[in-house]
Amino acid sequence: MMFTPRLELFDMAELRYAHAINRALAECMEEDSTVFVFGEDVADAGGPFGVTRGLASRFGEDRIRDTPISEATMANAAVGAALTGLRPVLEIMFMDFMTLTMDAVVNQAAKARYMFGGQTSVPMVVRTPHGGGINAGPQHSQCLEAWFAHIPGLKVLCPSNPADAYGLLKSAITDPDPVIFVENKALYAMKGEVPEEAASIEIGKALQVRKGEDLSIVTYGATVHTVKRAAEILADSGIEADVLDLRSIQPWDESAVLASLRKTHRLLIVHEAVEAFGVGAEIAARMGDIGFDELDAPISRLGAPFVPVPFAPSLEQQYQPGADDIVAAARNLCA
Amino acid sequence: MMFTPRLELFDMAELRYAHAINRALAECMEEDSTVFVFGEDVADAGGPFGVTRGLASRFGEDRIRDTPISEATMANAAVGAALTGLRPVLEIMFMDFMTLTMDAVVNQAAKARYMFGGQTSVPMVVRTPHGGGINAGPQHSQCLEAWFAHIPGLKVLCPSNPADAYGLLKSAITDPDPVIFVENKALYAMKGEVPEEAASIEIGKALQVRKGEDLSIVTYGATVHTVKRAAEILADSGIEADVLDLRSIQPWDESAVLASLRKTHRLLIVHEAVEAFGVGAEIAARMGDIGFDELDAPISRLGAPFVPVPFAPSLEQQYQPGADDIVAAARNLCA
Amino acid sequence: MSHQMNDELLDMYRQMVTIRMVELRLSRLFADGEVPGFIHLSLGQEAVAAGAGSVLRSDDTVASTHRGHGHALSKGIAIDDFFAELMAREEGICRGRGGSMHVANLSLGMLGANAIVGASIPIALGSALAHQLRKTDSVAVAFFGDGAMAEGVFHESLNLAALWQLPLLFLCENNGWAEFSPTHKQFIAPLDKLAAAFDIPHAKADGNDVMAVQSAVAKCVDGIRAGGGPQVLECMTHRWRGHYEGDPQKYRPSEELEGLEDHDPIPRFEAALVEKGIEANVLESIRADVDAAIEAAVEKARAGNSPEWERARNDVYTQVGAV
Amino acid sequence: MSHQMNDELLDMYRQMVTIRMVELRLSRLFADGEVPGFIHLSLGQEAVAAGAGSVLRSDDTVASTHRGHGHALSKGIAIDDFFAELMAREEGICRGRGGSMHVANLSLGMLGANAIVGASIPIALGSALAHQLRKTDSVAVAFFGDGAMAEGVFHESLNLAALWQLPLLFLCENNGWAEFSPTHKQFIAPLDKLAAAFDIPHAKADGNDVMAVQSAVAKCVDGIRAGGGPQVLECMTHRWRGHYEGDPQKYRPSEELEGLEDHDPIPRFEAALVEKGIEANVLESIRADVDAAIEAAVEKARAGNSPEWERARNDVYTQVGAV
Ligand SMILES: Cc1ncc(C[n+]2csc(CCOP(=O)(O)OP(=O)(O)O)c2C)c(N)n1
Ligand SMILES: Cc1ncc(C[n+]2csc(CCOP(=O)(O)OP(=O)(O)O)c2C)c(N)n1
Ligand SMILES: [Mg+2]
Ligand SMILES: [Mg+2]
């Protein structure tokens, strides 16, 4: 059942993804009185995924506010608050609802610094979960990060584990520019180590998840874990994948991807978002250009097919790129 | 000055781009009583670019309606009307304002047919102009077509000349599925032949604009004309470009692009939209995959840089890909 | 009281118990993992859907919400089609592609449940525009919850409907809650005052009294059909369950939860029917009928097929000639 | 009448004639091709901006519209910075990147003109939220046109502001037109009734009488500053020119256009000032001053630099340490 990762205390080295976000929020609110958090049912209720649980009692309902169901105004209010010196962190419950915030995010937040000639910056964060796998259907499962990556002025992050969720959110909140912070519903309950050093993860740096010499696999978000499983299977048959977790989609770590490609000469890009015109297209296009001479095979992409996310488990399971698909694509690439 | 292409009679073989759209609307309204047109100031005022001039007096203010400044509701109303058997054609004054319609277009229009199991289709068209060159600034110049091309269920067209504007709009209106019909402000006043055959231009087919053997240049929209100028300059120095006008961005004519690539072995993609995560990324990624063995050089892209569209003419001029830039990129590719 | 009137009341009764029993069944199926995804039950609110549905014609259109089971059933979606959909079967009304939040039947004028709060309103408005342009006397109904009043499209739609005098009924199911928060903490304008600002007639009905709903909806719809323009109807009701099935609604004061059964629309309607001379065993046999139909529908759905990926994979655009 | 009061009135007069003369100058510059893009003049509406500006402190914030020259100037943007911006110079307040529709000066609390109708409202709301969270007594002002009332964010913001009792003044410049259509064909709810539905105080002022605007704004702002929550102020005024410069506004009845000068706020204020004992030559010398300052600003802008692409090319993110 969704909505129910029961979150306990969050002061431990091993945290759930949702707790890690919670800790980042709490620390930022502690450190900087201009940070405030708002969104639908984020205060007492702690958010539909429990991410903001406990913050209201700790910081008061002034700094952590429940909002009406008015996404467009909330997002523009974040812009106005940021222009007035605060650091708003807005939660949009599902990434599909970002459709209601596009003027604020794209026309206002992304452009204010530039179009005002650099007088100001817009230090706001929009946190929102994407992704499927819980049979939530076509309007509650989309991965729309490619839209935001296309807009000059925005940064787009997508952590795949608790440490990155923690560290990148802290970086996002302290960053002077607007950040779209993409979480993943399926990861909220995931546990992982959150070491001290995680507090200072730089935006724009990929993480090497696995070392290999035979092909590079670039991915991000929950798909990192599917890729890891696939890489194990591949290793069994003697194919060693070099796996990179992008973590940051805009800007993305071109040099890390290129370095991996220089080593393996084969590149597969995998994500849960729709393949056509998705994030992988940019990476493939760019690497096909600057990495052209390195390529021993065409760059391959694996993303969701060109259909809405279906409800039925029998369909959604096939819809998402699975470990099998990745293994097959990798084998094909190395053939 | 913008807004002022004075439109005269439109019954002639040579039409302006705006007239061609007007004729397509008129003919569709004539032929099918379920077609209706609505938008801000589209009736008596004829639209800010004069595109709908004369339709109100001809078809009555019932079938061509002025709306309040309520884009979100208008777009969702188009969905509701389409689900009830009409064929709405909505005008959104600037593509930047599509930000306000994203729920309707993406969550509703694009998905209704699929998520209702094919019970219905959503025969609606949203017409909207993109593009700069008139110093309209960062919120009135964006090219956001890549967003829509990423969404399963939508078709995305972008005609570069009067004949295509006419023919593709007729195809869009008669198409059973939702179509984002992207016009270009800078083209409204452009004149061109509109032959009878134009009435039946198929969605998804590219147009060969120029033949050449040395490199392929793929583009769409107003940039087609910049590319043509560049191709002339290139021809002077002995480089013959094969130029394809995509016309349809989703679906796009993969086989035509591949055929051209097979001939020239070099591919340059040019558009006015931001290069990063833009339309060209998908084309480059796809061709880098299925056309890998054909490539004598890396696929090259030329789009707008990663900054908002600036206001000052001295900046905007450099912002848009110019003939010089295209020539340079092409020479580089053929070097 | 005529036989015909009795038959109509009994139809409405059947409808109301259908919604109730379908949802109770869904609740169990959900707990057993036979209904995937997540579902929002309208238990306690059945009188609104049943009352409204009893008034509407098949050429009238409705657009619904995330809590749309009742609206779908009362607009005529067959329970076989319904269960098959929620149980993710190819035989479902949406071929298992939509599920609970997207149940629709276009041939019945049911334009779909909707997972976007507020979207039902402008979609219904577009449908009303279609009715108006075609010069029929069909009516469109926008179901929406009280929480949806905070969405801008609601207000844009009030304006549009009034401006164009559209045949649109704004039907608010006011259950006092939006997810985990009481709506009074989210939205401040009383709906009557708001409607008045747009010069739209507003009426309020006891949403736990199906006959009250029926007559209120009938009055609105008659006026709209006669060309009188849009109306707003606010049905006051109660959400019994959590926001979604599985939500233990700890955020709700226990006094509030305890009193809920007092508002149960079903015994209330039963009492009224008995008073009208209908015998209890008639009602009982209706319930038995419905129960049997539900069990049959569930069995049928169980025996149905999971949708096949190969068919669903390439079906994004309309196949020419297929619609 | 004290000297100080006179000085304040004369400041306001200077502000109003500055807006007027700046825009008349812009009109010529535009016709001559010296101002690129397109511009929306507020000629005839100057009293609203000047009256409001005279009340606001530099820590108050305003968010403005596409027709924002007056708001920018009355919030204190220097005319040198202003002309340089509209004439697309590196020396412009936004370094030539924004132009007419994006004039802003963050250090003066001017959060920008805006090319998206309605967006000023939720942006100002966010600013008001910042004031509230910081526990200052600053006030945020949302300027918006009557046409913007049809945008959903306006209504969402009315609700939010009322709900959270934000220090926000909704300041509607009601000029009766939205582009090429009279607003009564677009929006149906009278603003007083709408505000009342949200329990927000509403006042109306003669937007062609700068003293009336000043005292109305002062009353609202005082109430808001004192913690009284949001207010709505509707200033009735007239748009003299076409929607954008170059629009011949043929759609407007000639009778309406002919009577416009009768509402000119400037002679009206001049008469009032003379009545207060201020001599005509004082006013004349203010106008001469302003004229000279404008000519100097234009000359300075002409002598300025076109922004260089190389600097603007890679400036999308904040350089670390630069803000
Ligand atoms: C645009 C959007 N925002 C938020 C949500 C999440 N959400 C689903 S239902 C709901 C509350 C709706 O309350 P109400 O309209 O009163 O309907 P009820 O659940 O009471 O039937 C919310 C916030 C959503 N689905 N869509
Ligand atoms: C979201 C959006 N829709 C449409 C437009 C085009 N547009 C610019 S101004 C305007 C009319 C605004 O009228 P009003 O708010 O009354 O302001 P006024 O021009 O009268 O000052 C319109 C429709 C826009 N800029 N933004
Ligand atoms: Mg509710
Ligand atoms: Mg106006």
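- At least one donor-acceptor pair under 3.5 Å links the side chain of C:Tyr317 to the backbone N or O of B:Leu154.
- Using a 4.5 Å cut-off between heavy atoms, B:Glu61 makes no contact with chain C at all.
- Atom CG of residue B:Leu100 and atom CD of residue C:Glu156 lie 8.0 Å apart, to the nearest 0.5 angstrom.
- Near-neighbour residues of residues 76-101 of chain C relative to chain B, defined by a heavy atom under 4.5 Å from a heavy atom of that chain, comprise C:Ile93, C:Cys94, C:Arg95, C:Arg97, C:Gly98.
- Residue with the most contacts toward chain C among B:Thr67, B:Leu86, B:Thr34: B:Leu86 (heavy-atom pairs, distance under 4.5 Å).
- Contact tally against chain B (heavy-atom pairs below 4.5 Å) for C:Ile123, C:Leu129, C:Asn159: the top residue is C:Ile123.
- Note on B:Ala78, B:Gly85, B:Ala110, B:Pro88: by heavy-atom pairs under 4.5 Å with chain C, the leading option is B:Gly85.
- A 4.5 Å side-chain heavy-atom check between C:Val316 and B:Arg113 finds every atom pair outside the cut-off.
- Proximity to chain C involves both the backbone and the side chain of B:Lys155, based on heavy atoms less than 4.5 angstrom apart.
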Give the intermediate values and the outcome of side chain to side chain contact (heavy atoms under 4.5 Å, CB included) for residues B:Met115 and C:Val103. CA-CA 9 Å; B:Met115 75 186 170; C:Val103 179; over 6 Å; no
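- Closest approach of C:Trp164 and B:Asp66 over heavy atoms only: CZ2-O, 3.2 Å.
- Minimum interatomic distance between C:Leu106 and B:Gln119 (heavy atoms only, all atoms of both residues): N-OE1, 2.9 Å.
- Side-chain atoms of C:Asn114 and B:Gln108 form a donor-acceptor pair, as typed in the model, at a separation below 3.5 Å.
- Around CD of B:Glu31, the count of heavy atoms belonging to other residues, nucleotides or ligands within 6.0 Å exceeds 12.
- The parts of B:Phe116 that come within reach of chain C are both its backbone and its side chain, each placing non-hydrogen atoms under 4.5 angstrom from that chain.
- Contact tally against chain C (heavy-atom pairs below 4.5 Å) for B:Ala72, B:Gly117, B:Pro251: the top residue is B:Gly117.
- The structure places CD1 of C:Ile116 at 4.0 Å from CG of B:Asn107, a figure rounded to the nearest 0.5 Å.
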Evaluate salt bridge (charged side-chain N to carboxylate O under 4.0 Å, His left out) for C:Arg134 paired with B:Asp62, printing each intermediate quantity in order. CA-CA 10 Å; C:Arg134 285 171 151 171; B:Asp62 235 26; over 6 Å; no
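- Distance check: C:Leu125 CG to B:Asn76 CG gives 9.5 Å after rounding to the nearest 0.5 Å.
- Around atom CG of B:Asp289, more than 12 heavy atoms belonging to other residues, nucleotides or ligands sit under 6.0 Å away.
- Looking at C:Ala128, there are no atoms closer than 4.5 Å to chain B (heavy atoms on both sides), in backbone or side chain.
- Against chain B, the residues from residues 59-69 of chain C that qualify, each with a non-hydrogen atom under 4.5 angstrom away, are C:Thr61 in number order.
- When each of B:Thr73, B:Asp103, B:Val79 is checked for a side-chain contact (heavy atoms from CB on, under 4.5 Å) with C:Pro122, only B:Thr73 meets the rule.
- Comparing B:Ser33, B:Pro152, B:Pro68, B:Ala82 by heavy-atom pairs within less than 4.5 Å of chain C, the highest count is held by B:Pro68.
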After noting the C-alpha distance and the side-chain angles of B:Met74 and C:Leu160, does the key distance pass the side chain to side chain contact (heavy atoms under 4.5 Å, CB included) rule? CA-CA 9 Å; B:Met74 290 306 133; C:Leu160 248 304; 3.3 Å; yes
